[in-house]
Amino acid sequence: MSAQELVIFDLETTGLSPAGDEIIQIAAMRMMDGRAIQSDTFFSYVNPVQSIPPWISFYTGITEKDVRNAPPIGPVLRDFSQFVGGATLIAHNGHRFDMRFLAASCQRYQLNIRPVPYYDSLGLSWILWGRQGYRHGLDDLVNRLGISPTGVRRHDARGDVHLLAQAVEKMWEQVCATYGQPNLELYHGVLPLVAAA
DNA sequence: GCTAGGCAGGAACCCCTCCTCCCCT
């Protein structure tokens with residue numbers, strides 16, 4: 001891959017199924033040429049149609065009170081799409097989780113869509129440590145890479161994006177140092193179409 | 001670590017189906 005603009009993002013949802021669960025939080029951070037830009041971020045709660053299951057509130061710390069006055073998914077995803085612009089997305093397990101939620105939400109709420117390229121940061125971990133023999137969860141990456149999670153609220157999209165951005169920076173650097181250019185699979189997903197300014 | 005779904009990949013087998021694991025909330 002050549003120098004490029006990435007948007008690292010993370011979703012919190014009401015469960016694991018894109019078909020039946022909903023997004024309740026989106027956070028993202030821009031990354032230019034392998035460096036995360038701490039000041040260039042996106043964040044929003046989302047007011048879901050369904051209530052938040054208690055175990056999700058326990059897991060994420062996100063409660064009904066947090067989302068009560070938040071905008072619905074349509075405007076949030078359009079704002080997010082605007083923030084992403086022409087960048088390539090990257091999320092951890094995004095191929096099987098986050099991007100499916102984005103696609104399902106666009107379909108469920110009949111949002112006009114545009115194609116968006118994305119990477120899955122799991123791929124960077126697989127390149128560095130091999131798919132077998134290592135675990136590749138975000139906590140495992142943070143531990144292996146020596147990233148300090150102190151002061152970071154894990155399972156909150158802002159906290160997870162903060163950790164993932166550091167992890168992607170380090171993995172990107174290591175992969176480039178070892179292999180030159182990362183041979184990372186580029187996938188294609190969707191985001192809402194945003195009217196041209 | 002509890003709850004949920006489902007892909008990806010491997011095994012067994014002959015090309016689909018079944019099974020198990022990973023990873024996300």
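Residue numbers begin at 1 in each chain, while the letters A, B, ... track the order of the sequences. Fair warning: this is a prediction, and the values are worked out from it, not measured in the lab. Values below: all heavy atoms of this structure, side chains included; hydrogens, waters and symmetry mates excluded.
- Comparing the P positions of B/dG1 and B/dC16 gives an interatomic distance of 41 Å, to the nearest angstrom.
- Across all strands, A/L138 comes closer than 4.0 Å only to sugar-phosphate atoms, never to a base (heavy-atom distances).
- When heavy atoms are screened at a 4.0 angstrom cut-off, A/D156 is found touching no nucleic acid atom at all.
- Between the side chain of A/R144 and the main chain of A/W129, no donor-acceptor pair closer than 3.5 Å is present.
- The C1' atoms of B/dG9 and B/dC15 are separated by 16 Å, rounded to the nearest whole Å.
- Comparing B/dA4 with B/dC22, their C1' atoms sit 16 Å apart, to the nearest whole Å.
- Under a cutoff of 6.0 Å and an axis angle of 45°, A/R30 and A/F83 form a cation-pi pair.
- Only the P atoms considered, B/dC2 is 15 Å distant from B/dC21, to the nearest whole Å.
- Separating the P atom of B/dT17 from that of B/dT3 is a span of 30 Å, rounded to the nearest Å.
- Comparing A/Q132 and A/T13 by the nucleotide of DNA chain B whose heavy atom lies nearest to each, the residue mapping closer to the 5' end is A/Q132.
- Pairing for B/dC16 is absent, judged as Watson-Crick or G-U wobble with the two contacts each under 3.5 Å.
- B/dG6 sits 13 Å from B/dT20 when the C1' atoms are compared, rounded to a whole Å.
- Distance noted for atom C1' between B/dC13 and B/dT25: 37 Å (whole Å).
- Under a 3.5 Å cut-off, the side chain of A/D98 and the backbone N or O of A/L11 do form a donor-acceptor pair.
- A/H162 places no side-chain N or O within donor-acceptor distance of the main-chain N or O of A/R153, the cut-off being under 3.5 Å.
- The span of DNA chain B lying next to chain A, judged by atoms under 4.0 Å from heavy atoms, is bounded 5' to 3' by B/dG1 to B/dT25.
- Within the 3.5 Å criterion, the main-chain N or O of A/A91 finds a donor-acceptor partner in the side chain of A/S121.
- The aromatic rings of A/W172 and A/Y119 sit perpendicular to each other, their planes meeting at more than 60°, with 30° as the lower class boundary.
- Residue A/D98 is out of contact with every strand shown, counting any heavy-atom pair closer than 4.0 Å.
- Separation of the P atoms belonging to B/dC24 and B/dA12 is 29 Å when rounded to the nearest angstrom.
- Using modelled atom types, one finds no donor on one side chain facing an acceptor on the other under 3.5 Å when comparing A/Q25 with A/T60.
- Across the interface with DNA chain B, nearest-nucleotide mapping of A/F97 and A/F58 shows A/F58 to be the residue nearer the 5′ end.
- The pairing partner recorded for B/dC7 is none, the criterion being a Watson-Crick or G-U wobble arrangement whose two distances lie under 3.5 angstrom.
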